[in-house]
Amino acid sequence: MRNPRSLVKFFLSTVTLISVTGAQAVPAEGQKMMVAGPSPLSADIVRDISSKGGNVIDATVAVGLALAVTTPYYAGLGGGGFALVKVKDKPVEVIDFREVAPKASTPTMYSEDKSKSSVDGGLAVGVPGVPAGLWDLHKKYGKLPWKTLVQPALKLAREGFLVSGEWVENTSENYERFSAGGKAVFFKNGKPLVPGDRLKQPKLAKALELLAAKGAKGFYEGAVAADIAKSVQASGGIITTEDMKNYKTRWLKPIQTQFLGFTIHLMPPPSSGGVVIKSALALTEKLKVTEKPPLSIDELHGLSEVLKMSFRGRDQLGDPDFAKNPIAQLTSEQYLQTLASQFKWNRASMLEPIKESDPLLAQPEESAETTHFSILDQTGNSVALTVTLNGDYGSGVVSSDFGIALNNEMDDFTTNPGQPNMFGLIQGKANEVAPGKRPLSSMSPTLVEKDGQIVMSLGSPGGPRIISSVFQVLYRVLSSKFDIDQAIQAPRVHHQFQPPMVFTDAKKLSPDVILALRARGHKVEEIRNVAKVYGVRKNEKGWLEAAFDSRGEGGAGGH
Ligand code: DON
């Protein structure tokens, strides 16, 4: 499925941004600036912004806003996210624009009264962070005028876009969960759209106009903020206009690690991704998994064990403003060695959860439904940005005046201690609800540096499977020496410690491999929804190579 590039150029010169063209084959290669993301439109937008003299930050803002229009089930203005950012000679930075718990929230708000839901309805909604995140990125590093960056999204909202099969499936299966506002915006007289129908969102266009004119204040103050507070409260929630006005992003330092001569920049708490991936990469070297042939039974057993061991400490983590986060301990030589000593090549290990009395935690310190896109330019400037509403269409609440789909990120907190959440994760005390706190995440935008330059940018949606997927794509490129497309499409395993089982990509591994893993004592379940990875890397020829995951829709391109 390789589209001749001349054809793409021809289309670009003759059609507007809202046409569904310009998606390139996987992997797509370019020289200046490339993107991989969940929609072919991202490639058109990146090429357009870059041609106007925009940098990776400008491209990020324009793509982020456009995805809020075309993939509202996971990338809306009503969600939150993280980005790892490398601009010019600055060190890699992290912007955290995750949702925060409203001021009136309490640790027991879901566990005391089981009728209160952290998944459906207004009480599930955290204060959204996406508009503030994109605005703060623009203020710090943007080159082009803000209004220029809002323009592609505005055009898509006003003039509409052609809905895809994925859009129709994600939307129609959530019909019952939608508030009246959502049913009005995403259905035609109560009937689902079909692929190829055009969806216009005039209400969302009004919100984007305010955002274009006033920046983040156009969302967090005035009519949009009032609409969000009113719609959330009408669905049983507690967000106020004061919560909206008080929302702030924060800048953090990434977690760093070395792997096979590369410096890997990883997402810190409030994501658990960086801690788990750092541990998993170290264990692959310690256990010499790296010496096993790619995709062999030994290697897949080793990767499953490494993930199980690395996920074990996840429940100790939480928002760094509230929790102690024993990162140094969980990635220490001593702890990794204790885990490694449990490893056997012929048998799955049995590990107990970390107890509050574990001496590990007493050790002193030695010295953090979704989508992702990555952009990388020739000089190594890059953004890896993951954004989410948590579940598909989040809480199902869609603001009535502006048609903004609102997250259910509150479910990422420890809502019912000891009980698994929608991703099967049993969460810890460090992640209990508190006003102004951000819930623990698995989102793992990641950048890879070699000789002082960023050479790879990647990330993924998919709850805890994000972590195992990003880890394995990193591993496949850096250790197995796959190209970015081979690495992304390769079969993956997932283990998150609890439940104690290995999940594998359905229909991607031979039944013999599954049987062999079972023979080593693993409980194995084949699943269809392994996380989808999007990535761009600079290859050995100096070309920028971008690929999206064929497990879902996507686009990769640029110029
Ligand atoms: O932050 C997290 O870890 C979750 N809210 C992510 C949810 C997700 O990736 C669902 N995507 N398919």
Side-chain angles (χ1 to χ4, degrees), residues 37-38 67 71-76 78-83 94 96-101 118-119 124-130 133 166-167 169-170 173-174 266-277 311 314-315 317-319 368-373 384-396 405-415 420-428 430-431 433 437-446 458-471 492 494 496 503 527-534 548-549 551-554:
L67 291 176
T71 51
Y73 29 92
Y74 47 47
F82 305 129
V94 177
D96 169 0
F97 52 97
R98 182 119 165 117
E99 301 89 333
V100 302
S118 59
V119 176
V125 186
V127 184
V130 168
E166 181 183 273
W167 191 101
E169 272 179 27
N170 283 340
E173 69 196 18
N174 281 290
L266 297 158
M267 184 63 212
S271 175
S272 54
V275 177
V276 177
I277 294 173
F311 262 96
R314 185 187 186 276
D315 68 358
L317 303 172
D319 182 329
E369 189 69 45
T370 312
T371 195
H372 175 90
F373 62 89
L385 184 149
T386 312
V387 63
T388 187
L389 294 187
N390 196 27
D392 277 354
Y393 282 104
S395 60
L406 295 162
N407 68 83
N408 58 357
E409 219 65 60
M410 293 297 282
D411 192 60
D412 273 348
F413 281 115
T414 307
T415 53
N421 73 358
M422 69 165 95
F423 300 109
L425 292 167
I426 297 174
Q427 312 246 40
N431 188 31
V433 185
K437 186 174 177 182
R438 281 139 154 106
L440 184 64
S441 172
S442 299
M443 294 188 291
S444 306
T446 297
L458 73 163
S460 164
R465 293 170 194 169
I466 294 172
I467 298 177
S468 49
S469 294
V470 169
F471 157 65
R492 295 198 268 277
H494 173 71
Q496 59 184 51
F503 298 91
I527 48 168
R528 284 179 59 83
N529 48 352
V530 162
K532 297 169 279 196
V533 177
Y534 307 90
F548 66 91
D549 203 315
R551 293 168 181 84
E553 293 179 0

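All values below come from the heavy atoms of this structure, side chains included, with hydrogens, waters and symmetry mates left out. Every number for a ligand or one of its atoms is a count from 1 in the order of the listing.
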**OP:** Taking only Lys NZ, Arg NE, NH1 and NH2, and the carboxylate oxygens of Asp or Glu, determine whether D319 and R98 approach each other closer than 4.0 Å.
**Re:** no
- request: Using atom types as modelled and distance alone, determine if a side-chain donor or acceptor of N431 lies under 3.5 Å from a backbone N or O of L440.
  value: yes
CG (N174) and OH (Y73) are apart, to the nearest 0.5 Å, by 11.0 Å
Min side-chain heavy-atom separation F413-S118 under 4.5 Å: no
Interatomic distance, OH@Y393 vs CG@L406, rounded to 0.5 Å, equals 13.0 Å
query: Is a side-chain donor-acceptor pair under 3.5 Å present for S442 with R314?
result: yes
Short N or O separations between ligand 1 and the protein, below 3.5 Å:
from, atom 1, to, atom 2, distance (Å)
ligand 1, 1 (O), R98, NH1, 3.0
ligand 1, 1 (O), R98, NH2, 3.3
ligand 1, 1 (O), D412, OD2, 3.2
ligand 1, 1 (O), S441, OG, 2.7
ligand 1, 3 (O), S441, OG, 3.3
ligand 1, 3 (O), S442, N, 2.7
ligand 1, 5 (N), N390, OD1, 2.7
ligand 1, 5 (N), E409, OE2, 2.6
ligand 1, 5 (N), D412, OD2, 2.6
ligand 1, 9 (O), T370, OG1, 2.5
ligand 1, 9 (O), G462, N, 2.8
ligand 1, 9 (O), G463, N, 2.7
ligand 1, 11 (N), T370, OG1, 3.3
ligand 1, 11 (N), G462, N, 3.2
ligand 1, 12 (N), E369, OE1, 3.3
ligand 1, 12 (N), E369, OE2, 3.3
ligand 1, 12 (N), G462, N, 3.4

